[in-house]
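To keep things clear, I will list the structure first and then write my remarks on it.
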Amino acid sequence: MVAAAGIMLGQWQTRRAEEKIEIQQRLESRAKQAPLLALPADSAIDEAEFRHVLLSGEFIPQWTIYLENRPHAGVSGFHVLMPFRIAGSSQVVMVGRGWAPRDAVDRTRVPQLVTPTGVVRIQGVLRRGAGHVLQLGQPDAPRPGAILQNLDIVALAEASALPLSTAVIEQTGAPEAAGDGLVRDWPLPSLGVDRHRAYALQWYALAAMALIFFLVTGLKRGRNDKA
């Protein structure tokens, strides 16, 4: 029973490792493709995730959102997200402009941002969401300048009346080019392939130990019966 369970769980961890290897290969492949010059439809975002994008439009700074509990290099801070209206269309997408440190004295204080006005061109990477951290308690309702733990795009679209895409753009490029001083060192997806392989090895080892124990005790019992 224990051996069978160990083998089953080991196989599950092996499959999870293989799935994440496929995700890594997809990420690397799409990152090499030519940048998208338009935002894909919501139904096509999964197929376009990790693609680079080049978009023109205008930032909507009054609906900036600050995602807390996003440390960088061991420093507490925010991921700053701002709506971006695509030029020549009604489409709006949330753009992760970058990371900013949190005020150690006044935790309700948000960074003072430099936001370009008028039509600008941004580059970035298309993502299905803004990442997720453990939610403590009920999420606060989105509002202009809100500090939130996680981004609920549906709730934000309802509160802001903006026609938001379900995608998020992680802006790339040097801070000097944008003149905002934000850090754009976005965390890669947590794949954990080696961790799954290690867990699989542990489960297989447990199964092997259970099988050896069964064989050894069986032999001892057989000898005792003959005696």
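Residue numbers count from 1 along this sequence. Values in this document were obtained by computation on a predicted structure and should not be read as measured data.
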Problem - Pairwise side-chain contact, Leu55 with Phe84, heavy-atom cut-off 4.5 Å (strictly under) - result: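 With C-beta onward as the side chain, the pair touches.
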Handout entry: Side-chain touch Ser76/Asn69, heavy atoms, less than 4.5 angstrom
Key =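 When only atoms from C-beta onward are counted, Asn69 and Ser76 do not touch, as no gap falls below 4.5 Å.
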Is there a continuous path of hydrophobic side-chain contacts, each under 4.5 Å between heavy atoms, that joins [X] to [Y]?
X: Leu39; Y: Leu54; answer: no
X: Ile169; Y: Tyr66; answer: yes
X: Leu36; Y: Val120; answer: yes
X: Leu126; Y: Val168; answer: no
X: Leu164; Y: Ile86; answer: no

Under the salt bridge (charged side-chain N to carboxylate O under 4.0 Å, His left out) test, which residues partner [X], sequence neighbours left out?
X: Asp103; answer: Arg109
X: Glu170; answer: Arg127
X: Arg128; answer: Asp46, Glu49
X: Arg70; answer: none

Could you give the side-chain donor-acceptor pairs of residues 154-163 under 3.5 Å, partners two or more places apart or in another chain?
{"from": "Ser160", "atom 1": "OG", "to": "Leu156", "atom 2": "O", "distance (Å)": "2.7"}
{"from": "Ser160", "atom 1": "OG", "to": "Leu162", "atom 2": "N", "distance (Å)": "3.3"}

Practice task
Go through the structure and list residues passing side-chain contact (heavy atoms from CB on, under 4.5 Å) with Thr115, not counting sequence neighbours.
Solution key: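 Checked Thr115 against side-chain contact (heavy atoms from CB on, under 4.5 Å); matches are Phe59, Pro61, Met82, Arg97, Leu113.
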Exercise for the section: Go through the structure and list residues passing side-chain contact (heavy atoms from CB on, under 4.5 Å) with Pro71, not counting sequence neighbours. Expected result: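 Partners of Pro71 under the side-chain contact (heavy atoms from CB on, under 4.5 Å) test: none.
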Considering residues at least two apart in sequence or located in another chain, which fulfil the side chain to side chain donor-acceptor pair (under 3.5 Å) criterion with [X]?
X: Asp140; result: none
X: Thr166; result: Asp42
X: His52; result: none
X: Glu68; result: Arg102

Exercise for the section: Report, as yes or no, whether the 6.0 Å neighbourhood of atom CD on Gln62 holds more than 12 heavy atoms from other residues, nucleotides or ligands. Expected result: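 Yes, the 6.0 Å shell around CD holds more than 12 heavy atoms from other groups.
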Could you tell me which non-hydrogen atom of [X] sits nearest to which non-hydrogen atom of [Y], and how far apart they are?
X: Leu67; Y: Asn150; answer: CD2-C, 3.8 Å
X: Gly96; Y: Leu81; answer: CA-CG, 4.0 Å
X: Arg184; Y: Gly173; answer: NH1-O, 3.5 Å
X: Val92; Y: Pro83; answer: CG1-CB, 3.8 Å
X: Gln91; Y: Ser89; answer: N-OG, 3.1 Å
X: Val75; Y: Pro101; answer: CG1-CB, 4.4 Å

Problem - Working for side-chain contact (heavy atoms from CB on, under 4.5 Å), residues Ser56 and Ile122 - result: CA-CA 6 Å; Ser56 294; Ile122 64 168; over 6 Å; no
Practice task
Quick one: pull up NE2 in His72 and CH2 in Trp99 and give me the separation to the nearest 0.5 Å.
Solution key: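 One finds 6.5 Å between NE2 of His72 and CH2 of Trp99.
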Problem - Rounded distance (nearest 0.5 Å) linking atom CG of Leu148 with atom NE2 of His79 - result: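 That separation rounds to 14.0 Å.
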Practice task
For Trp63, check ring-ring contact (aromatic ring centres under 6.0 Å, His included) against everything at least two apart and list the hits.
Solution key: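 For Trp63 there are no ring-ring contact (aromatic ring centres under 6.0 Å, His included) partners, ignoring immediate neighbours.
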Exercise for the section: Could you point out which residue of Val53, Val125, Asp185 forms a side-chain contact (heavy atoms from CB on, under 4.5 Å) with Thr172? Expected result: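 The passing option is Val125.
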